Amino acid sequence: MDLKYERKNVYKQADGKELKKIYDFAEGYKDFLNNSKTERDAALTAKKLAEENGFKPFSFSEKLKAGDKRYFINRHKNVFLISVGTEDVSKDGVRIMVAHVDSPRLDLKPNPVFEESGLCYLKTHYYGGIKKYQWTAIPLALHGVVMLPGGKRQEVCVGEDENDPVFYITDILPHLGAEQAAKPLAKAIDGESLNAVIGGLPAVAEDGEEEKEAVKSQILRLLNQKYGITEVDFQCSELCFVPAGKARDVGFDKALISAYGHDDKVCAYPEMRAVFESNSKHTVIAVFADKEEVGSDGTTGMQSKVISDVIETVAASFKVNPIEVRYNSKCISADVTAAYDPAYSSVFEKRNTTFISCGAAVSKYTGARGKSSTNDADAEYMGWIRDIFDANGVTWQVGELGAIDQGGGGTVAKFIANLGIDTVDVGVPVLSMHAPYELISKADIYSLYLACLAFCK
Ligand code: MN
Ligand code: MN
């Protein structure tokens, strides 16, 4: 019996066979991530993979039975994967795993197009918690959808193919940067200056007269030719800039992955794989949530009633009380946490933080200032989680998000727990969270995958 607790490094324990599994799993993840930069992209990818894995479209009016596999795409941005088990849901409840697939980014404003000093720009309004200075002087891609008059949806994705152009937000050169450099970091870049360059070629006027805003005119002409849109259509669109480019291995040993949007696709992918592969006797629901980065409000966020509606549909299928189903359900809120960063050690408390490559990160609670505004998994549920993880060889660790009063954060855990469902945060430790390119360990995403499989089993 180990009297003392010691955190374990996954890589240190892994033999050659295990290491191969870890690295192979990461390949599937990178592929998923490259096709899932926004919640809309992730929903489309999930739909495709769900269909390949035998899932059929879900309906609120259908009568589900054991063995049924269903997917529900809520308004293009929020995914429910439902695998109906053989256990009585009134006693066994449902096993819920929730990750979010929205990530911090730069949304376009409703009237985004303007010309200034020979360049055409799009104005942005940032989404989620970003450090604004990180979004200048990097290649950006534009993703999203525009509604044309009459209801046609026009998809847009520019900047991901290597032959595509990218977009770019300027920063001041250091030679003239003294004024900027004297400001606190949070004020160095103004939100209203996050305008992306989208063109610089003036239209040639047909009658020889010089055209006003000639670059903007030319860009609008190009957009109209390619997508059929006019300037006013931006008012009925959801377009955003995300960092361009693909997920990349990091390190000579390729132990890590740098990419945009690990938070929280690094949890969405393992929970999805677990629901595809587990063939559980339990009824399992895997959720891709939207709007987590801005408070989980609205039709596609986890504060909406949709999750309850799905559970009620399951309950109605077996003519059992939906309240009983909810109270007997269990949930993993699969979201990332901050990995210990030795470069910024003062904001962490080393004994109670998660470390990179030390396995799935369990957070009993999150919150800020004296555990405010958080779910807090009770000791009984923590004990249950420990037992299933240990019984299934899951490497896991516990941690808080930073030292006391250094800030804090939240996840969707509280919204599920508020329904009367035992919930705990289990995720992946991330370095440089919310940066355009975040860093995770292949060992940790693999550990979370094993944790999700254990939870479904
Ligand atoms: Mn997150
Ligand atoms: Mn986040």
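Order of appearance sets the numbers: ligands from 1, and atoms from 1 within every ligand. On a predicted model such as this, the values are computed, not experimentally measured, just so you know. Nothing fancy with the numbering, it's 1 onward along the sequence.
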### Task
If the plane angle is over 60° it's perpendicular, under 30° parallel, otherwise tilted; pick one for Y29 and H262.
parallel
### Query
Can any side-chain N or O of T283 pair as donor or acceptor with the backbone N or O of G85 at less than 3.5 Å?
yes
Side-chain donor-acceptor pairs under 3.5 Å in residues 404-412, sequence neighbours left out?
unit_1: T411; atom_1: OG1; unit_2: A413; atom_2: N; d: 3.1
unit_1: T411; atom_1: OG1; unit_2: D425; atom_2: OD1; d: 2.8
unit_1: T411; atom_1: OG1; unit_2: D425; atom_2: OD2; d: 3.1

### Query
Judged by atom type as modelled, is there a donor-acceptor pair below 3.5 Å linking the side chain of H143 to the main-chain atoms of C240?
no
### Query
Hey, are K77 and E238 close enough for a salt bridge, meaning a charged N less than 4.0 Å from a carboxylate O?
yes
### Message
Closer than 3.5 angstrom, by distance alone: can the side chain of T423 be matched with the main-chain N or O of I421 as a donor-acceptor pair?
### Response
yes
### Summary
A correct count of protein N/O/S atoms found below 2.8 Å of the Mn ion (ligand 2) gives 4
